[in-house]
2 protein chains.
Amino acid sequence: MSEPTSRRPGRPPGGQLVVDREHVLDAAERVIRRDGAGASLEAVAVEAGVTKPIVYHRVGGRADLADALAERLADRMVLATRTALAGELLSQTGLTRFVEANLQTVAEHREVFLYVTGGSTEQTALGRLSLAGRSTRPLAKTLAAWRSGIHQDPGVAEAWAFGIVGMLQMVSQWWITQDDRSATEVAEQISDLLWNGLPGR
Amino acid sequence: MSEPTSRRPGRPPGGQLVVDREHVLDAAERVIRRDGAGASLEAVAVEAGVTKPIVYHRVGGRADLADALAERLADRMVLATRTALAGELLSQTGLTRFVEANLQTVAEHREVFLYVTGGSTEQTALGRLSLAGRSTRPLAKTLAAWRSGIHQDPGVAEAWAFGIVGMLQMVSQWWITQDDRSATEVAEQISDLLWNGLPGR
DNA sequence: GCGAAAAGTTACCAGCAGTAAGTAACGGGG
DNA sequence: CCCCGTTACTTACTGCTGGTAACTTTTCGC
């Protein structure tokens with residue numbers, strides 16, 4: 001194809017840009033939802049009603065796209081969990097709601113989640129770390145504030161946050177691709193482990 | 001280049017195969033160690049002293065290669081942890097050793113780990129699940145046997161196993177790419193979380 | 001001996017990330 | 001009022017990679 005749009009070459013009339021960064025990211029999410037995690041940048045460009053170089057100008061290469069989508073996804077997760085437990089994480093039932101909200105957000109954005117965590121090539125396994133980092137930061141803060149009295153070492157909160165996020169990511173992936181249990185059930189099991197520890201209480 | 005080897009076309013003399021599957025996998029690991037996670041199948045073929053179709057015949061496509069390497073890596077991890085704790089996982093210090101052995105194995109096979117968990121494209125995020133599944137199975141068995149008295153539901157062990165493996169993978173990735181603490185330190189922190197739970201004991 | 005199967009290599013295709021070069025509208029100085 | 005540099009696009013390309021078809025040579029069963 002050489003006709004992604006019906007526009008002619010050259011700067012378009014009217015002072016406005018044709019599409020902005022947000023529109024490109026929206027288009028990318030639609031394409032990924034439709035075509036799966038293997039969606040190409042060309043397809044994204046077509047969906048956005050634009051050509052490839054525009055995509056590069058707006059969001060950068062494939063790694064940057066994954067990073068941007070990771071940021072969005074992380075924001076949604078943080079938002080979902082925040083509204084799900086309205087301020088406190090200090091109880092086991094709160095933790096369960098937290099886990100469940102995560103699972104449901106992943107399920108809702110299944111393909112995008114797989115795209116982001118799929119990492120394209122190179123050292124883009126950082127895509128996953130990127131997603132992790134963004135959802136980790138608030139969690140680490142919460143943990144640090146919460147357990148400030150118990151652990152002096154502030155690094156513990158960071159390690160725990162990454163661990164928990166990794167646990168959630170893996171469980172999500174397993175859940176949406178293999179398992180058929182309910183989100184609530186899985187959330188309760190994971191919450192049990194995370195709250196009571198391996199030996200139980 | 002069109003001269004990966006100096007061999008002529010046609011079936012080579014001598015009843016033996018030129019290389020077997022294991023040799024190809026060995027070559028793949030060498031290349032990945034040298035070139036990073038973005039190593040190409042062509043490079044693997046050259047390193048193995050063979051042409052691309054042979055690689056395809058021996059191990060299949062890129063996804064299959066990742067899967068095979070995941071299997072090897074999982075085996076190494078299981079072995080490392082097994083020798084590290086010689087039979088029991090029922091104590092917190094044993095758990096710490098388990099986590100530390102995992103971290104060290106990942107560090108030792110850093111690039112291969114990133115290749116496997118990096119997932120190429122498509123739905124090859126299953127590469128990560130594949131690694132998880134293989135290291136998960138023995139862990140799930142252990143957990144199931146261990147806590148058989150407490151939880152009737154056998155599915156709990158599976159969910160926990162995936163969760164723990166995910167936690168380990170994410171912590172490993174974070175540790176080898178960003179952090180500079182010692183493996184022991186991180187292992188103790190994660191083991192603490194996993195054994196005592198979030199609120200502590 | 002001889003033809004089918006096995007085990008290679010060469011040569012190719014399709015698709016994708018990323019970029020260089022060309023083209024049209026806008027806008028400020030002479 | 002016109003002209004030229006800048007901006008914002010498109011077209012058209014390169015380079016590489018995963019994957020495969022077609023060809024070539026040895027081995028082996030009959």
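Quick caveat: nothing in here was measured; it's all calculated off a predicted structure. Numbers restart at 1 for each chain; the letters A, B, ... are given by sequence-line order, proteins then strands.
Take F162(A) and apply the ring-ring contact (aromatic ring centres under 6.0 Å, His included) test, not counting sequence neighbours, and it matches W174(B). Listed by chain and residue number, nothing satisfies the side chain to side chain donor-acceptor pair (under 3.5 Å) test with R21(A) (two or more places apart in sequence, or in another chain). Listed by chain and residue number, D20(A) satisfy the side chain to side chain donor-acceptor pair (under 3.5 Å) test with H23(A) (two or more places apart in sequence, or in another chain). With sequence neighbours left out, E188(B) forms a side chain to side chain donor-acceptor pair (under 3.5 Å) with no residue at all. In terms of the ring-ring contact (aromatic ring centres under 6.0 Å, His included) criterion, W175(B) has no residue partners (sequence neighbours excluded). With sequence neighbours left out, the side chain to side chain donor-acceptor pair (under 3.5 Å) criterion links R11(A) to no other residue.
Residues in residues 161-173 of chain B take part in no salt bridge (Lys or Arg N to Asp or Glu O under 4.0 Å) pair, two or more places apart or across chains. Screening residues 62-81 of chain B for ring pair (Phe, Tyr, Trp, His ring centres under 6.0 Å) gives no qualifying pairs among residues at least two apart or on separate chains.
Looking at the side chain of S40(A), the nearest of the listed nucleotides dG18(C), dT25(D), dC16(C) is dC16(C).
Following rounding to the nearest Å, R62(B) (CZ) and dT20(D) (C1') show an atom-to-atom distance of 18 Å. Atom CG of L41(A) and atom C1' of dC16(C) are 8 Å apart (whole Å).
Contact check, R7(B) against dA7(C): no side-chain N or O comes under 4.0 Å of OP1 or OP2.
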Could I get a table of every N or O pair under 3.5 Å where one atom is in the protein and the other is in nucleotides 27-30 of chain D?
{"from": "dT27(D)", "atom 1": "OP1", "to": "G14(B)", "atom 2": "N", "distance (Å)": "2.6"}

Contacts under 3.5 Å, N or O only, protein and nucleotides 13-15 of chain D:
none

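A salt bridge does not link E111(B) to R30(B): none of the charged nitrogens lies less than 4.0 Å from a carboxylate oxygen.
Of the residues in residues 53-60 of chain A, those placing a heavy atom less than 4.0 Å from an atom of DNA chain D are P53(A), I54(A), R58(A), in numerical order.
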Please list every donor-acceptor pair under 3.5 Å in which a side-chain atom of residues 102-109 of chain B meets a protein atom from a residue at least two apart or in another chain.
{"from": "N102(B)", "atom 1": "ND2", "to": "F98(B)", "atom 2": "O", "distance (Å)": "3.4"}
{"from": "T105(B)", "atom 1": "OG1", "to": "A101(B)", "atom 2": "O", "distance (Å)": "2.8"}
{"from": "H109(B)", "atom 1": "ND1", "to": "R33(B)", "atom 2": "NH2", "distance (Å)": "2.9"}

